[in-house]
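All values derive from a computational prediction rather than experimental measurement. Start at 1 with the first residue, then count along the sequence.
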Amino acid sequence: MTLALPELGPYLGRLAAAPRARPAAWLAVDDLRLALATRLFKLAGSARMAGDSAPEVLTAAGWSEAWQETLKSVAARVVTVVEGQLRQAATASRLPKQRLDRFLMTEADRRALTARLGEGGASLLTALEELERIRRLLSASPAASSGIGTEWLEAVAAAARRQESAWRELEEALAREAPLWSGEIATIRHWVRPSWPFWLTTVVLYLLAIWVGLVLGGYVAAPAPLTGAVSWFWDRF
């Protein structure tokens, strides 16, 4: 059997396309897209060099790892950009740090974000499971490798097409994230420090000053603990 692994580029489609001028997105991820495509091209190149052992090189596990790491990188970038904007908004509105901390992402929030971004990858994972199934058949039945090898090539092409779909859905998921966080950012940016603590403190200090004046003027009896202090004051003034 000779496995003639085709170029993945035509199957990866948008995933492997060169960057092009587009309306500015709220989050740039073209570099991560191309990094994923490059990683898959390298796996495919190593598989071609391996000849009939290609299925042991271009594996579902290696492919899945590349996709999962890309998802985590995209999610990490979302966190960096969003939290940077939250902090900028907090600085502009002078939001206290304790209040800002409530808006920042927890570890659970980050896992949920990664899951939302990867929802479109379900069909890719199914295709990779099929790729792994065929690899196992090739390992177990070398004598029947001709027909199974054709199936493996078809499975590779199918996985590449599903990879493009997964990336497109990731981009759509990113677009849905933007309004979610813009609301949080706007809430912080328009936060106004409540004025009641200032006025309450002012009233309390004002009433305290009146009371002290009445005590020192002899209009109100001084509490027992303060009698000595009041006498000391009048002895000197």
> Can you tell me how far CZ of Arg162 sits from OG of Ser123, rounded to the nearest 0.5 angstrom?
Replying inline: 6.0 Å
> Are Phe103 and Thr187 close enough, and set up right, to give a side-chain contact (heavy atoms from CB on, under 4.5 Å), and what steps lead you there?
Replying inline: CA-CA 10 Å; Phe103 290 89; Thr187 297; 4.3 Å; yes
>> Arg168 vs Glu172, test: salt bridge (Lys or Arg N to Asp or Glu O under 4.0 Å). Steps then yes/no.
In response: CA-CA 6 Å; Arg168 287 182 179 274; Glu172 292 174 5; over 6 Å; no
>> I'd like to know if Phe41 and Val156 are part of one continuous hydrophobic network [Ile/Leu/Val/Met/Phe/Trp/Tyr, side-chain heavy atoms within less than 4.5 Å].
In response: yes
>> With a 4.5 Å cut-off on side-chain heavy atoms, are Met105 and Arg111 touching?
In response: no
>> Testing the basics here: between Ala54 and Ala47, what is the closest heavy-atom pair and its distance to 0.1 Å?
In response: CB-O, 3.3 Å
>> Can you pull out every salt bridge (charged side-chain N to carboxylate O under 4.0 Å, His left out) where at least one residue sits in residues 174-184? Sequence neighbours excluded, please.
In response: Arg116-Glu177
> Got Tyr11 and Leu40 here, is their nearest side-chain heavy-atom distance under 4.5 Å?
Replying inline: no
> Which pair of non-hydrogen atoms, one from Ser93 and one from Arg189, has the smallest distance, and what is that distance?
Replying inline: CB-O, 3.6 Å
>> With side-chain contact (heavy atoms from CB on, under 4.5 Å) as the criterion, how do Arg77 and Asp31 come out once you've worked through the C-alpha distance, each side chain's angles and the decisive distance to 0.1 Å?
In response: CA-CA 12 Å; Arg77 185 164 296 181; Asp31 59 320; 2.7 Å; yes
> Nearest 0.5 Å, what's the CG-CH2 distance between Leu8 and Trp63?
Replying inline: 5.5 Å
> Which value, rounded to the nearest 0.5 Å, describes the distance between Glu169 atom CD and Leu124 atom CG?
Replying inline: 10.5 Å
> For the residue pair Ala60 and Leu131, what are the closest heavy atoms and their distance?
Replying inline: N-CD2, 4.1 Å
> Does a side chain donor of either Glu56 or Ser139 reach within less than 3.5 Å of an acceptor in the other side chain?
Replying inline: yes
>> Hydrophobic clustering (ILVMFWY, side-chain heavy atoms < 4.5 Å, transitive) - are Leu58 and Leu153 grouped together?
In response: yes
> Taking a hydrophobic cluster as the set of Ile, Leu, Val, Met, Phe, Trp and Tyr residues connected by side-chain heavy atoms closer than 4.5 Å, whether directly or through intermediates, do Leu34 and Leu12 fall within one such cluster?
Replying inline: no
> When Glu130 is tested against each of Thr126, Ile134, Leu128 for side chain to side chain contact (heavy atoms under 4.5 Å, CB included), which residue passes?
Replying inline: Ile134
>> Could you report the tightest heavy-atom contact between Val29 and Val74, atom names first, then the distance?
In response: CG1-CG1, 4.3 Å
> So Gln163 and Trp67, side-chain contact (heavy atoms from CB on, under 4.5 Å) or not? Walk me through it.
Replying inline: CA-CA 8 Å; Gln163 179 66 83; Trp67 172 238; 3.1 Å; yes
>> Membership question, hydrophobic clusters at under 4.5 Å side-chain separation (ILVMFWY): are Leu113 and Val82 in the same one?
In response: yes
>> Filter on salt bridge (charged side-chain N to carboxylate O under 4.0 Å, His left out), then keep only pairs touching residues 79-90, sequence neighbours left out; what's left?
In response: Glu83-Arg110
> What pair of heavy atoms forms the shortest contact from Leu32 to Thr70, and how long is it?
Replying inline: O-CG2, 4.2 Å
> Would a 4.5 Å heavy-atom cut-off, applied to side chains only, mark Trp167 and Arg33 as touching?
Replying inline: yes
> Leu5 and Ala44: which non-hydrogen atoms are nearest, and at how many Å?
Replying inline: CD2-O, 3.5 Å
> How many angstroms lie between atom NZ of Lys42 and atom OG of Ser46, to the nearest 0.5 angstrom?
Replying inline: 9.0 Å
> Would you call Arg39-Glu65 a salt bridge at under 4.0 Å N-O?
Replying inline: yes
> Is any side-chain N of the basic residue among Arg133 and Glu129 closer than 4.0 Å to the acidic one's carboxylate O?
Replying inline: no
>> Assess whether a salt bridge exists between Glu132 and Arg135, defined as any Lys/Arg side-chain N lying under 4.0 Å from an Asp/Glu carboxylate O.
In response: yes
>> The test is side-chain hydrogen bond (donor to acceptor under 3.5 Å, both in side chains); show your working for Thr114 and Gln68 and say whether it passes.
In response: CA-CA 9 Å; Thr114 304; Gln68 294 301 325; over 6 Å; no
>> Once rounded to the nearest 0.5 Å, what's the spacing between atom CG of Leu36 and atom CG of Leu15?
In response: 5.0 Å
>> Please report the interatomic distance CG(Leu137) to CH2(Trp152), rounded to the nearest 0.5 Å.
In response: 14.0 Å
